[in-house]
Amino acid sequence: MAVHNQDVAEAFDEMADLLAIQGENPFRIRAYQRAAQVVRTLPQEVSKFGSVQELDALPGIGADLAGKISELCRSGRLRALEKLRRQVPPGLRELLSLPGLGPVRVRALKAQLGIRGIDDLARALSSGRLAKVKGFGRGTESRLRTALGDKAARGPQRMPWPVAAEYAEPLRKYLQSITGVTRAEIAGSYRRGRDTVGDLDLLVCSKRGADAIKALGRYEDLRELSAAGTTKASGVLRNGLQVDIRVVPAESFGTALHYFTGSRDHNIRLRRRAQERGYKLNEYGLFRGKKRVAGATEEELFAALDLPWIAPELREDRGEIEAAERRALPALIELGDLKGDLHVHTDASDGREPLEKIAAAARTRHLRYVAITDHSKYLGVVRGLDAERLARQIDAIEALNERLDDLIVLKGAEVDILEDGALALPDSILRRLDVVVIAIHSQFGLSEAKQTTRVLRALDRPSVSILAHPTARLLGERPPVALNFERVLRAARERPCYLEINGQPQRLDLDDVNVKATREQGVLLSIASDAHSGAELAYVEHGIRQARRGWVTKGEVLNTRPLNELRTLLRKTML
DNA sequence: GCCGTTTTCGGCCCGACTGTTTTCAGTCG
């Protein structure tokens, strides 16, 4: 059984939680959390590292943790974790996820009431024993009661970024409209462009914080407002999304925006850098003694720390500060760099609009080319095209191209990868296409070995250009398929063929970490909308965000190329 | 547990809000 980075990260996170419950040194706990984060977002598998010394060279990983990673990869076990699990009741860890319960209080519950898990806590609540524990009063009791009810009802859910946007933007506009508010921005993981968003962090610029927060309380989509002070408030929207708001004056807006954008690890690194240079950095400014030397904008903050401005999408402490220091930050791709879209459906398969409407929408978006890639006929996809219908569509596209002078419609298909790695359409018809996109739409649960073999076999077929939504995940619904991604990348580079970043809100596939791995292997990416209507061509925006989080520049993307260059690159894939 | 152009020991980001506090610890972001 292969040990993946995710497994190592989870083991370290669990160790951190259990050590915290034991009351260990907070910095030791932090070291485990940091190591978990580093391993989780590493493009290469730690199990493939040649030696403990190589592991030791990773940031935040020293001799001890390198040894633990090595042990886990070799044996699939971690003795230190097993020992902790024997010492701490297994149910206690879950209690940490309840609001208001941290390690100290969880330990108190165990020590004073013998509580060993959520069920014990629920019983203690209903019998009124909880109030007897020092530090637990009426308020905590009622919060826990609500939280336990909520947890049973739904549990914590992160929202795909595009869904969160539908709530975030109207709220931002509302805040912006409040008297005295000169600026309102959405910060947090939303601004960093993460694929999913757990809560909304909004930053408001105003001299009168109390008024702004009072006005927030009147927002029609707000279900409740809690923790409302004069500069800070928390609330919950009617859809269950948690909202945190901070109000700062103009002279602090830049440092506050930076601080509330995060990530936490990025902030820690920057604060340490400030400290080393004799400053203090907090959300109100960068200070030398009492004197504020920066604060109004992010640019002046970075400049004061001898760094160029770092794009929010990069602020994950994955090497961006070092790259900034070397003046080697990537020039991130932008929406305007895209010249076409290589994955679009029409009503010939499961799209909602005919070919001509899609072409018209592509022209409105000033695309130079758009590939029509309707589904192949296969189980599960209704109205998929067989070879005969695809041949008719090819004719229709050629006829349409005769009438267009500012857009080229490329002939394509999204061909199913069958369980054994064969494709759902014969080579004879695929050879007539400009673009062959292949994808998994069934058999998601295969073992890693089988799934990888399946995909590699499909990539080896003549004519294949692009592997679409490579992990087939659906956010909140279906986990990524088990795939040896390094082998897929190697195959894609050698062949060559290309990997897609799919901009469908539920997919956002590849994710940021895999995107970064792909570019580091020199495999080109296709940023695609997978649109099923003209309006959905806009989904490439989501793909752009994913790409930027993966450090992608314009040159690393297939569909930033002019048509003649694109054709050359696609011909290379036609064995 | 990690880390080092002041350090191989002694530091480790910083502030707001809550609850139960009589001066602050715990939690959260």
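Small disclaimer: the values here were computed from a predicted structure and weren't measured. Letters A, B, ... are given to chains in the order of the sequence lines, protein chains preceding strands, and every chain is numbered from 1.
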Calculate the interatomic distance between [X] atom [atom1] and [N] atom [atom2]; express it in whole Å.
X	N	atom1	atom2	answer
A:L96	B:dT27	CG	P	9 Å
A:L98	B:dC28	CG	C1'	14 Å
A:L95	B:dG26	CG	C1'	16 Å
A:R273	B:dT5	CZ	C1'	14 Å
A:I245	B:dG29	CD1	P	15 Å
A:L257	B:dG29	CG	C1'	15 Å
A:L144	B:dG19	CG	C1'	13 Å
A:L200	B:dG29	CG	P	13 Å

Is there a donor-acceptor contact under 3.5 Å from the side chain of [X] to the main chain of [Y]?
X	Y	answer
A:T255	A:L286	no
A:R519	A:W551	yes
A:E10	A:D7	no
A:D120	A:R116	yes

For atom [atom1], what is the distance between [N] and [M], given to the nearest Å?
N	M	atom1	result
B:dT23	B:dT18	C1'	15 Å
B:dT7	B:dG11	P	14 Å
B:dG26	B:dT21	P	13 Å
B:dT8	B:dG1	C1'	14 Å
B:dC17	B:dC13	P	22 Å

Within 45 degrees of the axis of the six-membered ring of [Y] and under 6.0 Å from its centre: does [X] put its NZ or CZ there?
X	Y	result
A:R246	A:Y259	no
A:R292	A:F287	no
A:R545	A:W161	yes

Any side-chain donor-acceptor pair under 3.5 Å between [X] and [Y]?
X	Y	answer
A:R473	A:T471	no
A:S70	A:R74	yes
A:E320	A:H266	yes
A:H469	A:Q506	no
A:R158	A:T196	yes
A:Q44	A:E486	no
A:T261	A:R191	yes

Any idea which heavy atoms bring A:I213 and A:K232 closest together, and the distance?
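The pair with the smallest heavy-atom distance is CD1-N, 3.4 Å.
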
Tell me the closest heavy-atom pair linking A:R277 and A:R288, and the distance in Å.
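Looks like O-NH1, 3.0 Å.
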
Under a 90° cut-off about 0 for the syn range, is B:dT21 syn or anti?
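Here the answer is anti: the torsion falls beyond 90° from 0.
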
So if I take [range] and measure heavy-atom distances to DNA chain B, which residues fall below 4.0 Å?
range	result
residues 182-192 of chain A	none
residues 5-22 of chain A	none
residues 294-316 of chain A	none
residues 43-57 of chain A	none

Just call it for A:P99: base, sugar-phosphate, or nothing, with non-hydrogen atoms closer than 4.0 Å on any strand.
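Result for A:P99 = sugar-phosphate.
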
What nucleic acid atoms does A:L101 come within less than 4.0 Å of, heavy atoms only: base, sugar-phosphate, or nothing?
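A:L101: backbone/sugar contact only, no base atoms under 4.0 Å.
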
Identify, with sequence neighbours excluded, every residue that meets side chain to side chain donor-acceptor pair (under 3.5 Å) alongside A:E169.
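Here the qualifying residues are A:R172.
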
Using a cut-off of 4.0 Å between protein heavy atoms and nucleotide atoms, how would you tag nucleotides 10-18 of chain B 5' to 3' with B, S and -?
--BBBSSSS

Tell me which of A:I61 and A:D244 sits closer to the 5' end of DNA chain B, going by the nucleotide each one is nearest to.
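Checking each residue's closest nucleotide, the 5'-ward one belongs to A:I61.
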
Name the residue closer to the 5' end of DNA chain B, choosing between A:I29 and A:P103 according to the nucleotide with the nearest heavy atom.
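The answer here is A:I29.
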
Suppose we define a pair by two distances each less than 3.5 Å, Watson-Crick or G-U wobble; what does B:dT18 pair with here?
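B:dT18 is paired with B:dA25.
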
For a 4.5 angstrom cut-off between non-hydrogen side-chain atoms, does A:I333 reach A:T553?
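Sidechains of A:T553 and A:I333: no contact.
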
